[in-house]
Each structure stands twice: as C-alpha cells, then as structure tokens.
Amino acid sequence: MYKNIILLTAVVFGTMFAHGQTDRTQKPANHKDKVNSCTVEFVAPKVNNETEQALAASDRLLEGDKMMRFGKELEVNLDFKAMAQLFVQPNGRKIYQLGISCPTAKSINLILDNFFLAEGANLFLTDRFSNEYIGAYTSVNNNDAEVLGTELLKSDFIYIVLEEPAHVAIDSRFMVKTIVHGFEDLEEIAKGLNTSGSCQYDVNCPIGAGYELQRNSVAMMVNGGGFCTGSLVNNTSGTIKPYFISARHCGTNPTNWVFRFRWEAPSSGTSCATTSPSTNGPSNMNVNGATLKAQNSNSDFVLVSLNSFPNPAWGIYYNGWDNTDATTATKGIGIHHPDGDIKKISVEENPLGQQTINFNGAQNHTWLITDWDYGVTEPGSSGSPLFNQEKRLIGVLSGGTAACSGTTDNGDPDFYGRFGYGWDNSSSASGRLKDWLDSTNTGATIIDGVDPFIGNDLVDASLSTLGGFPESKCDSIATPQFVVINGGMNNLTEVVISYGFIGMTQQTYTWTGNLSTYGQATIILPSINIPLGNSTFQINVVSANGSVDIDATNNNLNISFLRLQPDFEAKLMLDLDCYGSETSWEIVNSNGEIMYSDGPYEDDMPGLIEYTLCLSWGCYDMIIHDEYGDGLSGCAAAAGGNGSYKLMLVSNGLTLAELTEVNANFGNIEISNFCVTSTFGLNQIQLENLITLYPNPGKNSLNIKAENVIVEAVRIYNVAGQEVLAQEISNNTIEINTTDLPAAFYIVKISTDQGELNQRWIKQ
C-alpha cells in the first residue's frame, strides 16, 4: 500500500510541477537565424548607476537591510504586440520582436502584466548579439494573477521575442509593465561568481555536512530589482503544499517573483572562507510567481504559495519548524544567497539571544546572532531561514551589520524575525502562520521536514528538545526530559528509548500513549547523577510501535555538560537598566576561556537577576558589555534607575567585583579582575586602594604608584579590546610615555603579585 501511495504522489507532482517552469529545450528564432533583425526598439529612461549604487549602499548602512538591490524599476506600461515588429514565417508562424534599450544598464529583467500565452507559443528574452537568452516561457506560465517576472539577462539591450502558431484559439497578450535597469554589475566586483565576501562558506563546504536536506529547501528570489532568499516549509496536513517563507521587507506582491532552487557549488568546487572562486552549479531549477498568504512586520515574515510545485526530482525539501519560541536555541545555522551569489552557509555555535528592534517602522521581535563563528550574511540574504540545533526553522533574516572583513568577519550582529512570534501574533489569518501551516488545527508546536519524493514514513518517532539539566556547573543531579513527536502517517503508540552518559551503562525507558501525525508528548526520565568533568548525555530510539524506526535521522539527542568540583561558589546579582537588550556579560579565566555568560536580555526586565557560579582557584575577568555605549545608565531614575551588579563569595559575602549605580556609565565595556586562591589574594576593590593612576585624564604620560604590592606588568587596551601598549615593570613607581596614543578611552590592566587591577583612563 505504501509503495502505491508514493507512486501516486510522483504522478501527481509530475502533472503539477511543470506549471510555472521555463522550457529549456527551446531556442529563440533569432538565435536560429530564422528571422531578420528587428528595427523597432524602445529606449528606457536613463539611470545614473553611481547614484543608485550610493542610495542602495546608504539604505543598507542606515537600516541594516539585507535585501540586495541591484536594479531600478522603471514603470513603462508598453503594449507589446502593438509596438512589436511582426515577421511571418513561410509556415504561417508569427514572430514578434521588440528591442528594449537601457543605456548604461548592467543587466535587464522585466515584469509583465495582463500576461497570457497561447497554447504552443514561446516567449524569450535575448541579447543583441544572440549570445545569451532566457526562456522559453510557455502557456504553462499562465497564472490567475496574469503576471510574470523574468530572470535577468546581463546586457544593456535585449529583444523580447514572442513566437506564436499561425492559428490559436486565443491570442497571446501582455504588457511590459516594468523594466528593471540593473545598476550593479554582479560579476565585475566578484570574488567568484558574484559579489559575496571571502569569509563566506559555500553550503557544501565541510561545515555544511548534516544540513543537506535543509540546504535543498532554500531558493534565491529575484523580486523586481532586488535579490532575497527564502525556503520551502512543511505543514501539518499530511499533504505537501508549496508554501515558501521569506522576509516581509522583501515585498508582499510575489506574483512576479522568480525562485531559483539548488544553485550551489559542488563539493569538489567549493570556496570555504578563501579568496578562490566557487565553481558554478545548475541555475535552471526555477519557479515563476506565487500567491500571498500571510505577512507580518512584527516578525518580518511573508508566507506565499508558489504557482507551481518545485520538481521533486530537483532534490528539494520542505523544512520542519519549531514554533515554541523557546529561548533554548543553543546554536544557529543560516543558509542563504548573499549578494545574489551561489548558496552559502553561516554557523553560530553559541546560544542565541532574543531582542526587539525597530525595523522598517515596526517593532520586530528577533533572534539575535551576536557574532557568527563561520561565515556571515550580506544583502541578498534577507528572508533566509535560521535553523536551531535540531535543524528546524525558527526564524527568517531581517537585517544586521554582519559582513566580511577579508577572510574573517567584522564581528557585528544579525537579526532574524522569530517564527514563533509570527505563529499566532495577529488577529487574522493574513497576519499569522498557524492558519496555513497548521490548517487542521492539530496544535503542533514542532514538526519535521519532508522530502516530497519520499513522503512521510508510516512509523516515525522523532525526538526533540532535550532539557532538564541544571544551569549551574556545581549541581550534581539532573532530571532529563525531552519531547517525542509522531512524524509518521500511522498513530504512534509505543516508543522504546535508551539513555545515559556515553561510556557508562545505558538505561531503557518505554513510553506508551496514542499520538496522531505531528502529535507530541513530553517525557520526563528518572533523575540521574552527573559525573564530574566533561560528559555527554544521549537518548536514542530503540524501536517504535514494536519495530525498527525506519527514519533514523531524528532518533538521537545528546547534550554535553561540564560538572565542576568547585573550589568556591560565587553569587552574581545583576540589576539591569531599562534596556536589557543592550547588555551582556561573561566571566573569563586566565586562559581566556569563558566560564559563564548571559545576555542580551529583554528590555524593561524588573528586579535582580541572580546566578550561582562555581569556580576553581585562580584569577578571572568579570566583563560586562553595552552595545549602545552608555553602560547601565540607559534610563532615568523615574523609569527604574541605573543598573549595577555585585559578585561576591557565597561562603563569607566578600565582594569580588562590583559596579555601582554611580559608575554605571562605563561606555561599551567594563572589566573587573578578581583572584581567589587557597590563600586568597587581594580583590579588585582592595587593589584600587593600593594603586594610583595619575593624571586621569592625561596627555603624554601615565603615572602609576603602588604600595604594598609588586607591579609586574602594565598593558593598555582600547575599547575594542585590542592591546595598544605593554610595558614590563622593574619598580613600583612607573611613568609610561603615551604620546603616540590617540585621544580616546582606554582600559589599563595592571598585573601584580596579588592579582590584577583594571582601571579606566582617558587620553586627552
């Protein structure tokens, strides 16, 4: 029975996917020397490329917009047949040609309105010299909206060529509504194929291993004069629907959009954060046009239904998703087409934050990528999917300032509109996702993706959302819990799992119940002891409904955990100002390892946030960051007052590091050093009483005087954390020549035999 279902599915797709495609087996008549040269042309208004490039760059800089604008849209409304030159061939076939000249254009593409092609008609765009062409568009491209957006041709002059049979039931017709004058030469400034930076990773680089299915869902969109990215998305109905999700700011009229799937460099020709070019891949897997279903500016999403099903033979995939909006996204993966380039992947290895930003005149609720570990996004990446550690869609790219700086990135953030916020945060179906992606109202919060060539398995137990481990590295007890999801067609009634720490005896647990397709249940396991040191806890599906689970790709979960035998415990009490979204912190040991960190936070968070930290003997930096640059002094006292923090020993209440409300305006970064040993040396506050910096502010010299401690070294850092001056010390009265330092704010780190002191110093 199952094989019959798959065969039927393939037949259905075979009859439906062709709608909206271009026929690559045809060539235009003027390429085959079947007609005379056309002498009729329309000259479009001239466009100043440099001006448009500057405006586009300004928009990207001011708004953090990651839509790639390459062309200026010129509204012309030309009646093609009324203007075109007609050639009639001996067999009666009609050839209509119209030249379109765009002086100085780097490329041309068109938006056609009132669009209808007769049965047997072929429509092409060709360049002047018959070297390149696009098409054929045929009657399968007809759609209810009567609109067609074409791909772009790199030329400043094109011919529109319509070939029509001698006798048709209804004549072809269309208006050339818009000419898109390309003002960017996407190859002229290229690293490889197009314009993306040399810190990018092709999606088939080694870091993309394991994301092949998610890769196959992503398509580049040509929407008028711009590029964006988006992806196919699954739904709970059990029937594949051609839903495609991108960013609202990329547009809400998808009737003329072109969707290019599977444009990626082969594994043998990838560029992985190098200046070498990527090898080109196939660029003919395209779908034309879509219908708007829903859009919302507060999570910056647009959901459309493609005019045709992408051919399953292309190897495409419909993504699973997680609408819980949980803050437990421990990593983030983005797949996208930066600057309209071949497909790339970006990876953030650290937990994601959440932040509300002003974007395109709306409050956008976003996932925050603070600093990509591999790759970045660029204009053209807008709307691309963000996947969590379980490879499920959780957001679409809104914007940001992340970019390449050579073969590394600039360390700037990116923001993704949250899928979970857009799920049901509207009073109408046109403003939310749930009515389309859960039209049968199953209440599912997490579903897996699907390959349309394979369909859903009859029995599929999928695991998700492993938790129950303590946040503190001091605690020794965990109560693991996870979610089991029915990803199959049959009801799920029994799942046997094994669990335990790798390298130790595994336990068995049997769940029984009754879950329909995409139904889910939370399972809480018995409490376990966490071993000391680094360990990995794992869960595996042994069987589902009494037999082997065929789809093993979603049968495993694991989490790595570090349990310390602490030498001491400390308590951090953090009081934020009104703008918690600007604030983050970390505690770093003397080897540069981050032991604890958190933030950014939500704005207007009331009350103290407390953390219990377990640490080993040694010296540490307590570092607090403010993105805006006004420290924790971001609101008036009436609105909550300045922020502060205090870090103290649990055993005796001794203060290790502190920031008071009076000193809350520390700029972008504040560093406090503390040392705790078995003999317990001096802390930051004690060292401040023994070491004096003067003058402060100063000009050409910095003097340091120390009493009852031995100064060993002095290092000066700028606000970016870069060391700008270092000096070894031989006595406790030091004068440092600062003539060559520019006027700025600096952090002076003074190393002593009793610990380290960080002090602010201003060079005038």
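Note that the structure is a prediction, hence the values are computed from the model and not measured.
- Here the side chains of Phe115 and Asp113 are not in contact, with every heavy-atom distance at 4.5 Å or above.
- At distances below 3.5 Å, not a single donor-acceptor pair connects side-chain atoms of Thr270 with backbone N or O atoms of Cys272.
- Here the straight-line distance linking atom CD1 of Ile95 with atom CD of Glu163 works out to 4.0 Å at 0.5 Å rounding.
- Side chains of Phe157 and Pro103 form no contact here, defined as non-hydrogen atoms less than 4.5 Å apart.
- Environment of OH in Tyr374: sparse, with no more than 12 heavy atoms of neighbouring residues, nucleotides or ligands closer than 6.0 Å.
- In this structure, OG on Ser430 lies 9.0 Å from CG on Asp435, to the nearest 0.5 angstrom.
- Looking only at distances, a side-chain donor or acceptor of Asn142 sits under 3.5 Å from a matching main-chain atom of Ser139.
- No salt bridge links Arg173 with Glu164; every basic N to acidic carboxylate O contact stays at or beyond 4.0 Å.
- Not counting sequence neighbours, the partners of Ile100 by the side-chain contact (heavy atoms from CB on, under 4.5 Å) test are Phe42, Leu78, Leu98, Cys102, Ile158, Ile160, Ile179.
- Side-chain N or O atoms of Gln200 include one that pairs as donor or acceptor with a backbone N or O of Val376 at under 3.5 Å.
- In this structure, Phe244 and Phe261 have perpendicular ring planes: the angle between them is above 60°, well past the 30° mark.
- Ser246 places no side-chain N or O within donor-acceptor distance of the main-chain N or O of Val302, the cut-off being under 3.5 Å.
- When each of Leu306, Asn286, Asn307 is checked for a side-chain contact (heavy atoms from CB on, under 4.5 Å) with Phe259, only Leu306 meets the rule.
- Among all heavy-atom pairs drawn from Ser198 and Gly406, the shortest one is OG-O, 3.0 Å.
- Side chain to side chain, Trp257 and Asn288 fail the donor-acceptor criterion of an N or O pair below 3.5 Å.
- Using a 4.5 Å cut-off on side-chain heavy atoms (C-beta onward), Trp263 and Asn280 make contact.
- Atom OG of Ser384 is separated from atom CD1 of Ile333 by 12.5 Å, given to the nearest 0.5 angstrom.
- With values rounded to the nearest 0.5 angstrom, Ile245 atom CD1 is found 7.0 Å from Leu437 atom CG.
- Among all heavy-atom pairs drawn from Pro310 and Tyr318, the shortest one is CD-OH, 3.7 Å.
- Qualifying disulfide (SG to SG under 2.5 Å) partners for Cys38, counting only residues two or more places apart in sequence or in other chains: none.
- For Arg262, the side-chain hydrogen bond (donor to acceptor under 3.5 Å, both in side chains) partners at least two apart in sequence or on another chain are Asn216, Glu264.
- The CG atom of Asn319 sits 12.5 Å away from atom CZ of Arg215, with the distance rounded to the nearest 0.5 Å.
- Although no hydrogens or angles enter the test, the distance criterion places no donor-acceptor pair under 3.5 Å between the side chain of Asn141 and the main chain of Leu148.
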Exercise for the section: Might you work through the side-chain contact (heavy atoms from CB on, under 4.5 Å) test for Phe174 and Asn114, ending with a clear yes or no? Expected result: CA-CA 5 Å; Phe174 58 85; Asn114 193 29; 5.8 Å; no

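- With sequence neighbours excluded, no residue forms a side-chain hydrogen bond (donor to acceptor under 3.5 Å, both in side chains) with Ser268.
- You'll find the ring centres of Phe227 and Phe70 inside the 6.0 Å limit.
- Atom CD of Glu212 sits in a crowded spot, with more than 12 heavy atoms from other residues, nucleotides or ligands closer than 6.0 Å.
- One N or O on the side chain of Asp300 and one on the backbone of Arg248 form a donor-acceptor pair closer than 3.5 Å.
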Practice task
Report the C-alpha separation of Asn253 and Leu292 in whole Å, then their side-chain angles, then the decisive distance to 0.1 Å, and conclude whether the side-chain contact (heavy atoms from CB on, under 4.5 Å) test is met.
Solution key: CA-CA 7 Å; Asn253 182 13; Leu292 177 68; over 6 Å; no

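- Looking at Tyr137 and Ile134, their side chains come closer than 4.5 Å, going by heavy atoms from C-beta outward.
- Counting only N and O atoms by type, the side chains of Thr366 and Asn364 include no donor and acceptor under 3.5 Å apart.
- Taking the side chain as every heavy atom from C-beta outward, Phe387 and Ile394 never approach each other to under 4.5 Å.
- Checked by atom type and distance alone, the side chain of Gln85 pairs as donor or acceptor with a backbone atom of Thr39 at under 3.5 Å.
- What you find for Gly375 and Ser346 is that their closest heavy atoms are C-OG, 3.8 Å.
- For the residue pair Gly422 and Ser299, the shortest heavy atom distance occurs at CA-OG, 3.2 Å.
- Formation of a donor-acceptor pair under 3.5 Å by the Ser382 side chain with backbone atoms of Ala247 is not found in this model.
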Exercise for the section: May I have the step-by-step check of side-chain contact (heavy atoms from CB on, under 4.5 Å) for Thr150 and Leu152, ending in yes or no? Expected result: CA-CA 6 Å; Thr150 75; Leu152 67 159; over 6 Å; no

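- Here the closest heavy-atom approach between residue Leu125 and residue Leu110 is recorded as CD2-CD1, 3.7 Å.
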Exercise for the section: Give the intermediate values and the outcome of side-chain hydrogen bond (donor to acceptor under 3.5 Å, both in side chains) for residues Asp414 and Trp367. Expected result: CA-CA 8 Å; Asp414 274 332; Trp367 290 106; over 6 Å; no

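- Although no hydrogens or angles enter the test, the distance criterion places no donor-acceptor pair under 3.5 Å between the side chain of Lys106 and the main chain of Gly71.
- Inter-residue side-chain proximity for His337 and Ser381 is flagged as unmet; no heavy-atom pair is nearer than 4.5 Å.
- For the side-chain hydrogen bond (donor to acceptor under 3.5 Å, both in side chains) test, no residue two or more places apart in sequence or in another chain qualifies with Ser101.
- Asn410 places a side-chain N or O within donor-acceptor distance of the main-chain N or O of Asp412, the cut-off being under 3.5 Å.
- By the 4.0 Å N-to-carboxylate-O rule, Lys343 lies too far from Asp202 to be salt-bridged with it.
- For Lys94 and Phe87, the positive end is not near the middle of the six-membered ring at less than 6.0 Å and at most 45° from its axis.
- In summary, Asp156 and Arg128 do not engage in a salt bridge, as defined by a charged side-chain N under 4.0 Å from a carboxylate O.
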Exercise for the section: Determine, stepwise, if the pair Arg392 / Asp448 fulfils salt bridge (Lys or Arg N to Asp or Glu O under 4.0 Å). Expected result: CA-CA 7 Å; Arg392 295 189 177 94; Asp448 286 329; 2.6 Å; yes

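- For Tyr243, the ring-ring contact (aromatic ring centres under 6.0 Å, His included) criterion is met by no residue, not counting sequence neighbours.
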Problem - Test side-chain hydrogen bond (donor to acceptor under 3.5 Å, both in side chains) applied to Thr178 and Glu75, step by step - result: CA-CA 5 Å; Thr178 305; Glu75 300 295 324; 3.1 Å; yes

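- Smallest separation of non-hydrogen atoms from His249 and Ser398: CE1-O, 3.0 Å.
- Rounding to the nearest 0.5 angstrom, the gap separating the CG atom in Asn77 from the CG atom in Leu74 is 11.5 Å.
- A 4.5 Å side-chain heavy-atom check between Phe116 and Glu146 finds every atom pair outside the cut-off.
- You'll find the side chain of Thr104 reaches within 4.5 Å of the side chain of Lys46, heavy atoms only.
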